[in-house]
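The next block holds one structure in the form of structure tokens; read it before the comments.
Since this is a predicted model, take the numbers as computed values, not measurements. We count ligands from 1, going down the list as the structure has it; atoms in each ligand are counted the same way. Quick note: residue numbers are just sequence positions, from 1.
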Amino acid sequence: MHTAPLSAEAQRQRADFYGRIGQQHMTPLWEVLGALVPPQPRTPVVAHLWRYAELRSQVMEAGQLISAEEAERRVLILENPALRGQSCITQSLYAGLQLIMPGEVAPAHRHTQSALRLVLDGEGAYTAVDGERTTMRRGDFIITPSWTWHEHGNLGSQPVVWLDGLDIPIVRFLDAGFAERSERPSQQPLRPEGDALARYGANMLPLDYQPRPAEPTRVFVYPYDRTRASLLAIAQGQPDPHHGHKLRFVNPATGASPMPTIGAFAQWLPAGFETQAVRSTDGSVHVCLQGGGEVRVGEHSWRFDENDVFVVPSWQALQLRADSNSLLFSFSDRPVQQALGLWREQREGR
Ligand code: 1HN
């Protein structure tokens, strides 16, 4: 658009006008329109990689500073370097590393924020969700849907660490957060371990079960051995040039994402495989569960190894190379964007 330069007098008139309307809490759209409606996503989020080998000792140090009981949840938040102080890893998602020491209980509570756990380190802990416990094994993807009671405990002899992913920024944006603590630190078990997986996650459903449209999955653990076995099986076939062998986790009763606000994915990249660049509107958090290689995000690149976590901002090109057979877990707000008709993906070379 071409406009003639503004005279000093006209500039003064405008500034004076902006000042006067400002008194009434108004501001001119034409000064901000370009920033409000950018031609493509212009995220403040930056790409970043957290090396687990460097974080682990600090997570363990937190174990000496505060108990799980006092902390309620002993977590070191992974903050996006461009969003310090906001407790988020992308604009819509929160991530942190949680530690539970032998004998500890992180007491039962519930909140409207939805959570996922990805178990990284140590054995012997459990999570209980609405009266059912699940043993946490490395690589297990566990969810605690909105408003479900949940606590964690460690019955073993090792510190246990997992990655938490929550939709905290989404719920904060909507001002829809509620939370309460249980009177008892641990829930009374209502069902044996494995019940939900047997009822809802074994290609069958209870006779009278009819899920409501936005209901989260009743399956609350996606065991790593099953995830890995599926990826290894499909890896007998041809990889997708942009994604390798990648699957999304679903509510097995509906095919929808496990939780309405967070989508989760698992990806197998054979040794030597390099993906073509792809970008999508959902900023995503990735965790390497097996193998290692190189990740490129826009102009940045890092080496990644087991348990490393990296964040890819919205609409920045992602490329991965696996040096050895690699398994990556990731999560994002994709189901929200898809429900709203906003999600886009662009694959290089198409
Ligand atoms: C929470 O409930 C957990 O249950 C972890 O383990 C992290 C961060 C903010 C709010 C609630 C958990 C959390 C959280």
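When side chains are defined from C-beta on, Leu320 counts as touching Leu328, because their heavy atoms get closer than 4.5 Å. The side-chain heavy atoms of Asp167 and Ser92, taken from C-beta on, include no pair separated by under 4.5 Å.
Between Glu151 and ligand 1 there is no heavy-atom distance shorter than 4.0 Å. Proximity of Arg117 to ligand 1 is established by a heavy-atom distance of less than 4.0 Å.
Salt-bridge check for Glu54 with Arg56: failed, with every basic side-chain N at 4.0 Å or more from each acidic carboxylate O.
At most 12 heavy atoms of other shown residues, nucleotides or ligands fall within 6.0 angstrom of atom CZ in Arg344.
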- Item | Trace of the ring-ring contact (aromatic ring centres under 6.0 Å, His included) decision for Phe331 with Phe249 | CA-CA 10 Å; Phe331 66 99; Phe249 289 95; over 10 Å; no

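In this structure, atom 12 (C) of ligand 1 lies nearest to the protein heavy atom Arg73 NE, 2.8 Å. With respect to atom 11 (C) of ligand 1, the closest heavy atom belonging to the protein is His111 NE2, 3.6 Å. In terms of protein heavy atoms, atom 6 (O) of ligand 1 is closest to His152 NE2, 2.6 Å. Scanning the protein for heavy atoms near atom 8 (C) of ligand 1, the closest one is Tyr94 OH, 3.5 Å.
Atoms of ligand 1 found under 4.0 Å from any heavy atom of Gln98 (numbered from 1 in listed order, with element): 5 (C), 6 (O), 12 (C). Interface of Asp164 with ligand 1, defined as ligand atoms under 4.0 Å from a residue heavy atom, comprises 5 (C), 7 (C).
Screening Asp140, Asp164, Thr134, Thr127 for a side-chain hydrogen bond (donor to acceptor under 3.5 Å, both in side chains) with Arg117, the sole residue that qualifies is Asp164.
When heavy-atom distances to ligand 1 are checked against a 4.0 Å cut-off, Ile168 comes that close only through its side chain, counted from C-beta outward. Under 4.0 Å from ligand 1, not a single heavy atom of Gln113 appears.
Between Thr90 and Val45, the shortest heavy-atom contact is CA-CG2, 4.0 Å.
For Arg248 and Phe265, the positive end is not near the middle of the six-membered ring at less than 6.0 Å and at most 45° from its axis.
For ligand 1, the polar-atom distance check against Trp162 finds no nitrogen or oxygen pair separated by under 3.5 Å.
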